Every structure is written in C-alpha cells, then in structure tokens.
Amino acid sequence: MNHTLDLTGFKPKAITPFPITRNDWGVSPDGTAVDFTNYYMTFDGEPFYGVCGEFHYSRMDPSRWDAELAKMAAGGVNVIATYVFWNHHEEHENQWDFTGRRNLRRFVELCAKHGLKVIVRMGPFDHGEVRNGGIPDWMYGKPYEVRSVDPGFLDKVRDLYAHIAAQLDGLYFKDGGPIVAAQLDNEYMHSAAPWEMTTGISDEWVPGGHDGFEYVHALRRIAEEEGISVPFYTNTGWGGSPVPDDVLPLWGGYAYRPWLFYAGPGDHPVTDEYLYRDFHSDDCPRNEAFDPTYEPESKPYACCEMGGGMFSSYNYRFVLPMKSVDAMANIKMASGCNFLGYYMFQGGSNPIGDGIYLNEGQLPKISYDFQAMLGEFGQARESYRRAKALHYFGLAFADRLCPLGVVVPDGQDGIDPTDTDTLRWCVRTDGERGFVFIDNFQDHATMPAKHGETIMVTLADGSTVTFDGIGLASDENCMLPFNMDLDGVTLVAATAQPVTAIRTPGAANRTFVFLRPEGMDDCWFRFADGTVRHVTDDRELFEVSDGEGHAVTILCVSRADADAMTVLDGEALVFAGDVVSQDVAAPSIVNDGAVVYETDGRVVVESTRPTVAVATYPAGYLADVPTDGDVRLGDAGAADAQPKVTRLSDTRYIIDLPDDWLTGDGVDDARLRIRYSGDIGWLWCGGVLVDDNFCNGDVWEVGLREYAQLLADNRNQLVLTITPIREGANVNVESTMAARMENAESTVAGLGSVSLQPVYSARLARA
C-alpha cells in the first residue's frame, strides 16, 4: 500500500512567547530561567521535552523511594508529579502527620537527588481514587460546602496550604530546588468522588464545584500568601475545567476506563485514543476529552494523565496490554505533545487510617498497583522497558523535536477506531526534516501485522523522501527520521527509530543509537551521498562519514535490545537481561524484568534472577562485569526457601514463610506470588491487612520487605482469605425475626499456587 503526503506550501510552526512564570520565581540562583513558548517549555531559552511520571509518596513505604525514583530517572523521566492527599496528613482535624510515608519534604529532596523536577498537585481535592478524593471525613459535617469559595472552607484550605508550604520551604526552583509547578484542586467542575461514609446508603458525592475562575484564583492567592512560590501553575484542562489565561493546562488520555462500570459490569468500547490528531491546532476536532476553553495554538499541548497503566475496579477486571503505554506516547508525541505525563508511572499501596481504609470503594482497600510501568513493589514491567526509547529520544533531541509542527495526512482523522487495516501515521516536520510516526496498536481490538507499506513525503522544496519496505508487528509502533542531521552527516531517511546520541569516554565522535522496530520488513539507512546500509543483525555497529570531515558511529539494536538498554550519563549504554555477551555485535538479549539504575555513584542491577547477563557499550565500561558478561547478584539457593501452605478451607489458608526468607546473599526483597480463583484476595499478618487484589486471572504479587518486622512479630505467618464468586446469590429475609442469611447456588474460590520469589540486586562500579 502506498501513502503520500505533500508538504509544498507548508509553513513551519509559529512559536510565540507564553509568559506564565510568576514574579521572579522562575529564575534559579545560578541564573537558569524556566519559561514557556506557546508550544513548549524552555530552560535558559532552550527547548525542554518533559517526561512526567506520577508517583504518590504516601502510597509507598519510604524505604523504597530512593530506588524507585532512580528507576524513573533511568527510564527517561525528568519530572515527578505527586498528589498531596489532605486526608493522609490530617485524618483528624488539627492533627497533622508528615512523618514516614507522609514525609513530603524528604520525598522532594530525593527527587532533587536524582535530578528530577517536581510538580506538587496539592488539592484540596485530588481524587486519585483515594477516600473522598482526599477530603478528610471530618469536613463532611462543617457548616459550608467543600470546593467552594465559602470563607469557612477557604480558611481550612489556607491551613492545608500553610502546612504544605512549611514542608516545601527552600525547595522551590528559585531556591535551587526541584519544585517547578503546583496544581490547585483537580478536575474542578468536572469530577468528584463518593463521600465514602455514605457509600451503599445514600451514595452522596463530594461536590464537583460551581464557582469557576473565582475558586481557582482564590486558591492561588492563598497559596502565594502562605509562601508557595512556584514558577508556574497547572490545571487539568478536560471536562470544561476553568483554566486561567496564565496557567498551563494539562491533558491526558485513558483507553481503559473502569469508571464506565461503577454501576455494573459491561463491555468496554473501542476508543479513539490511538488515532493521530493535531492537538496544537485551532482546527483540532473537539470531543469530550479535548474541548479547551482557549485557542489550542495559544498554549502548549502538555499532558499529566496519559494512561501509564490502569486500576482494576470491582466491576471491570482486566489485564492491561503493556504495549498500550508506549503506543499512546507515540500518539501524543506525534500529535504535538511536547510534555508527556503519565498517570500512574509508579504504582503504590494505600496507607491504613485510624479505623478506616483511605481508599475509594470501587478499588481494593490497599493496592494501587495500577498495572503501572513500575509496580506497587518496584516491579519493572514491559511498559517501562518499551517506553524508554521514546523518552530517551525526547531528552536527547528536544531542540529538534519541540519546534516541529504536526501534519496529519488526509484521511487519518476519519479513521474509525475499529478499522484495524488502514495504516495509521502522522508527521512532525518543519517542511524540510522531521519524523514519520506509525502506530499499529488499538485498544480492545487486534491489529494485524503490516507488510509492504510505502510512505512518500514531498517536502516544502518539492523534493521527495520515500520510505519503502515498511512492516510493523501487531501492537508495535515506531518513529522514522528524514533529513536528520547526525553531527554533519545527513541521514536522508531510515526505517529505524532514533533513540539517543552518546559520546563515549575518549571518543572523537558521537554514537547515534537507533532501534529496528519489530516486524520491519527491511531495515535500512539512506545517506545524502547515496550510501545505503541494510541492517540484518540484532545489534549492528558501523561508521559513517560524508567526505567533508564529518563522521559518526551508528549503533542499531533490536527492539528486544532497546527494551533491555539503559543510558548512563549520556556516555554509555548498559544492556541487562537473560542472554548477552560483551561483544556489541552479539545476539539480542531477552529482558525478563531486570532493571538498571544509578544511585549514590553506583550502577545498580536488580532482577529476580540470581545471575544476569550484562553488556556495555563501550565494552568494559563497568568494572564489575566479567568477560563472559554474567553478573552474579546473589545466591541462587535463596529461591529454595519456599512457603508452607496449610489449607483451612477453599477460602482460607495459612502461609508460613521460612525463617530465612530475607537473609540470602544479595537478596534485597522477596515477592509472594499468588494464583487463585475467586472474587477478592486478602492477605493478612497479625490481623493487619497487608495487601488485597481483585482477581483478574493474572498473578498477584506482594513485596514483603516493608513487612519484615510485622512478620517477625507474628512468627512469619500470613493468612490468605478469598472472597468467593457467588453464583445465584440471594439474601433470605423471610424470618419473622431480624435475621438475614446469604445463600448461593454455588461458589468459586480456591488457591492455585503460592511461591516466594527473591529479588536480587548488586551495585557495580564504573571502570
């Protein structure tokens, strides 16, 4: 199939100032200034491509914060967004808690340690599937409405903001700290949450708000009076939320929508989230998810809630297709987004309150794993590994990508989401150079592999660039360059995706790293001097020069290698997985969950395998990697320590852990892996709910490290209870007395297996 795009007459994107920084708070002590154009964020006038990941500090034991933030940085994230849940800090009126997992200040300081900027989403209403959307229970009985401009409510907001400001003092960008923005409230006049104390009775909801701009301005005035001095503010833009002219609106997109089924189960529709659009065009089609109250070309199109995963609600159980995450990033980047924002990037666990669970009723009491890129207990998932390639690209080539306009080829905006045959593609360009984006993923549908596709782009000057031999595996996506400057060498076109550029120690030239998309029929590089290089190996390294003194090295890796690859300091690559050698031309590796990150000057390799194959480019970059590439993380014998399970009934089991479950060599954690059938799984220790799970057929994993003391106090014993699926259930109320009894025709519950999986880690030094 042939596809064409004519760019003759194309006009480059008009870039204009968008002055939204407050006072002089956008200038750091070293003089670095944060600012905006109408299209992208800048630091010292240079384009900044934001990759923002949501991480709720109070939903994770603080012993995990450092490693998880390091993993996010290693995955190409440069901004952290976090909710401040009011009821996590002031569950009882005037009793504030900023200790332990609620230590906001320590969390922000750790973000700074890893070079991560911070957006504080500080309520008063957050939602986030937390109890009452974060509004404390005691607010229900006050003589005023929450989320309103009533003076009584605003006085309580002032107290909240004053306590937040005390935590953040000295950590703002103007102080040399990481905090660059704050969000006031969330989805105002668009979304609310159940008042959980009424759920199942009157089902009353927290007010959604009705005071418009007056409310938003009041919150900002109070925040600044209390000392919150951020460079700029953000607002969620969807649902008609009021967005002041000098506030950055943030958008998103969810293709998996559990809230559709809060009233009962049903069939999920195919969504339009995987169709290309120009979201920075005043002519962009409006819909429920994108209907801005401003002209789109006047402000950047930035995101805060792209589906980095999704929770299973009680009535909607599903296993998230992990390839959905980077496919959405491809769609957003191509559609004019210069600031990716994922919700959630890091899963978590809700804290337990004083006699209540601080969650929303449609979700598990504890688990907020969200099937996120990084799981509730630090699991690095396929979505994390795949998304890195796009993140690295945005970080390495922000100056080239951010100014490029969007051209949606004719017919693309008319594709029906159920059409799985038509090639979906889009271009970002200045008329002379740019990138072709292609997506072959669709939620709630199966996309067939594509073969024999050709794309021809006629540039603004009338010349043409042709991409032939295009193929793409089912669920794969890619981005192909044309007229890309490789430090003076012109790459006319390639059917490989640019990932990053590094300068290895002592090298005269940079190495440009590309990946060969899965299913590409013919992977080739075509240069301005007519040279064509076809790539067939899983990892291929070659030199290119133009005869005019320009020379670069190109490393083209397989998709599997790219998923296993971590960029270190812009000067080296580390590949970690199952099969690899030190030879850069070695066979591709298989990554089964190994993750590489840096903290405290050491390179950490973490895996559920006791031995991990590691390779580096350049070879020998890490001193502790032996010549055969096999890095021993710990004792394989630790996996022999398995739990003893005693069945009490189909719905109740005792799990006894071995005494040495966390003492093996190199063992950093242990994950209990449970397979069961039923409705809900509950894991207890000493009467304390450790974790819970809505059964969706997937394995349920529970990290145990943070419960080590609780387990020790209870003889390393856990209790698993299973709420069964009840078929033909009814409640007998025919008694003459106040007696009720649930009866069911049959029940489904049972334990399939329980195993203990050690998590190993080792710290490696640079050579």
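What you see is a predicted model; the values in this text were computed from it and never measured.
Between atom NZ of residue Lys156 and atom CG of residue Leu160 there is a gap of 10.5 Å, rounded to the nearest 0.5 Å. Distance check, rounded to the nearest 0.5 Å: CG of Leu340 to CE of Met306 gives 4.5 Å. Distance CE/Met189 to OG1/Thr236: 12.0 Å, rounded to 0.5 Å. The CG atom of Leu358 sits 9.0 Å away from the OG atom of Ser58 when rounded to the nearest 0.5 Å. Interatomic distance, CG of Leu248 versus CG of Asn235, reported as 9.0 Å (0.5 Å rounding). Put simply, CD1 on Ile366 and CG on Asn350 are 6.5 Å apart, with the number rounded to the nearest 0.5 Å.
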Query raised in the report: Given the rule in the side chain to side chain donor-acceptor pair (under 3.5 Å) test, do Glu305 and Tyr254 qualify, once you have shown the distances and angles that lead to the verdict?
Result: CA-CA 8 Å; Glu305 292 200 25; Tyr254 294 113; 2.6 Å; yes
Query raised in the report: Does the side-chain contact (heavy atoms from CB on, under 4.5 Å) test come out yes or no for Phe48 and Val79, once each step is laid out?
Result: CA-CA 11 Å; Phe48 173 83; Val79 181; 4.1 Å; yes
Report task. Any chance you could lay out the side-chain contact (heavy atoms from CB on, under 4.5 Å) test for Leu401 and Met333, step after step, and finish with the verdict? Result -> CA-CA 9 Å; Leu401 175 64; Met333 184 181 282; 3.9 Å; yes
Requested in this report: Start with the C-alpha gap between Tyr161 and Leu184, add the side-chain angles, then the distance that decides, and say whether side-chain contact (heavy atoms from CB on, under 4.5 Å) holds.
Outcome: CA-CA 10 Å; Tyr161 284 3; Leu184 307 173; 3.6 Å; yes
Query - Residue pair Ser367, Asp369: steps toward the side chain to side chain donor-acceptor pair (under 3.5 Å) verdict - result: CA-CA 6 Å; Ser367 179; Asp369 176 79; 5.6 Å; no
Requested in this report: May I have the step-by-step check of side chain to side chain donor-acceptor pair (under 3.5 Å) for Asp30 and Ser28, ending in yes or no?
Outcome: CA-CA 5 Å; Asp30 67 2; Ser28 70; 2.3 Å; yes
Query - Derivation of the side-chain contact (heavy atoms from CB on, under 4.5 Å) call for Arg257 and Tyr316 - result: CA-CA 9 Å; Arg257 304 166 181 173; Tyr316 182 51; over 6 Å; no
Requested in this report: Begin from the C-alpha positions of Arg221 and Glu226 and carry the test salt bridge (charged side-chain N to carboxylate O under 4.0 Å, His left out) through to its verdict.
Outcome: CA-CA 9 Å; Arg221 182 183 66 254; Glu226 294 303 322; over 6 Å; no
Query raised in the report: Are Asp185 and Arg147 close enough, and set up right, to give a salt bridge (charged side-chain N to carboxylate O under 4.0 Å, His left out), and what steps lead you there?
Result: CA-CA 8 Å; Asp185 209 87; Arg147 302 181 81 187; 2.6 Å; yes
Requested in this report: Determine, step by step, whether Glu224 and Tyr233 satisfy the side chain to side chain donor-acceptor pair (under 3.5 Å) criterion, reporting the C-alpha distance in whole Å, the side-chain angles of both residues, the deciding distance to 0.1 Å, and the verdict.
Outcome: CA-CA 11 Å; Glu224 295 186 353; Tyr233 290 89; 3.2 Å; yes
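Cation-pi check for Arg428 over Phe435 is not met; the charged atom does not lie both under 6.0 angstrom from the ring centroid and within 45 degrees of its normal. Under the 6.0 Å distance and 45° angle rule, Lys332 does not count as a cation-pi partner of Tyr276.
Counting only heavy atoms from C-beta outward, the side chains of Asp35 and Phe43 never approach each other to under 4.5 Å. Proximity of Phe125 to Ile135: side-chain heavy atoms (C-beta onward) are separated by under 4.5 Å at one or more points. You'll find the side chain of Tyr256 reaches within 4.5 Å of the side chain of Ser324, heavy atoms only. Within the 4.5 Å cutoff, side-chain heavy atoms of Ile164 are placed close to those of Leu104. Between Tyr343 and Cys304, every side-chain heavy-atom pair lies at or beyond the 4.5 Å cut-off. With contacts defined as side-chain heavy-atom distances shorter than 4.5 Å, the pair Met72/Leu374 qualifies. For the pair Cys284 and Asp278, the minimum side-chain heavy-atom distance is 4.5 Å or more. With a 4.5 Å cut-off on side-chain heavy atoms, Trp65 and Asn103 count as touching.
Two rings, from Phe107 and Phe55, have their centers less than 6.0 Å apart. In summary, the aromatic rings of His280 and Tyr40 are positioned with their centroids too far apart to meet the 6.0 Å limit. Taking the six-membered ring for Trp and the full ring otherwise, Phe290 and Trp251 have centroids separated by under 6.0 Å. Note: Phe213 and Tyr215 fail the aromatic proximity criterion, with ring centroids not under 6.0 Å apart. Between Trp195 and Tyr140, the ring centre distance stays below 6.0 Å. Proximity of the aromatic rings of His89 and Trp96 is defined here by a centroid distance below 6.0 angstrom, and this criterion is not met.
Closest approach of Pro403 and Ala398 over heavy atoms only: CD-O, 4.0 Å. The two residues Arg286 and Tyr294 come nearest to each other via the heavy atoms NH2-O, 4.2 Å. Shown here for Cys52 and Phe339, the closest heavy-atom pair between the two residues is CB-CE2, 3.6 Å. Minimum heavy-atom separation, Met122 to Val84: CA-CB, 4.0 Å. Pro231 approaches Trp25 most closely through the heavy-atom pair CG-O, 3.3 Å. Nearest heavy atom pair, residue Ser229 against residue Tyr172, reads OG-CD1, 3.5 Å.
No side-chain donor from either of Tyr39 and Lys299 sits under 3.5 Å from a side-chain acceptor of the other. In this structure, a donor-acceptor pair under 3.5 Å is present between the side chains of Glu360 and Tyr262. Using a 3.5 Å distance cut-off with no hydrogens or angles, the side chains of Asn359 and Arg131 do not pair a donor with an acceptor. For Ser349 and Glu376, the side-chain atoms include at least one donor-acceptor pair closer than 3.5 Å. Between the side chains of Asp443 and Tyr274, no donor-acceptor pair of N or O atoms lies under 3.5 Å. Under 3.5 Å, the side chains of Glu90 and His92 contain no donor-acceptor pair of N or O atoms. For Asp97 and Thr99, the side-chain atoms include at least one donor-acceptor pair closer than 3.5 Å. Side-chain contact check for His114 and Asp66: at least one donor-acceptor pair (N or O, by modelled atom type) lies under 3.5 Å. Side-chain N/O atoms of Asn132 and Asn87 include no donor and acceptor closer than 3.5 Å. Side-chain contact, His391 with Tyr342: a donor N or O sits under 3.5 Å from an acceptor N or O.
With salt bridges taken as basic N to acidic carboxylate O contacts below 4.0 Å, none links Arg59 and Glu54. Look at Glu297 and Lys13 and you find no salt bridge, because none of the NZ, NE, NH1 or NH2 atoms lies under 4.0 Å from a carboxylate O. Taking 4.0 Å as the cut-off between side-chain N and carboxylate O, Glu109 and Arg105 count as a salt-bridged pair. Looking at Asp246 and Arg22, a side-chain N of the basic residue comes within less than 4.0 Å of a carboxylate O on the acidic one, giving a salt bridge. A salt bridge is absent between Lys174 and Asp24: the closest approach of a Lys/Arg side-chain nitrogen to an acidic carboxylate oxygen does not fall below 4.0 angstrom.
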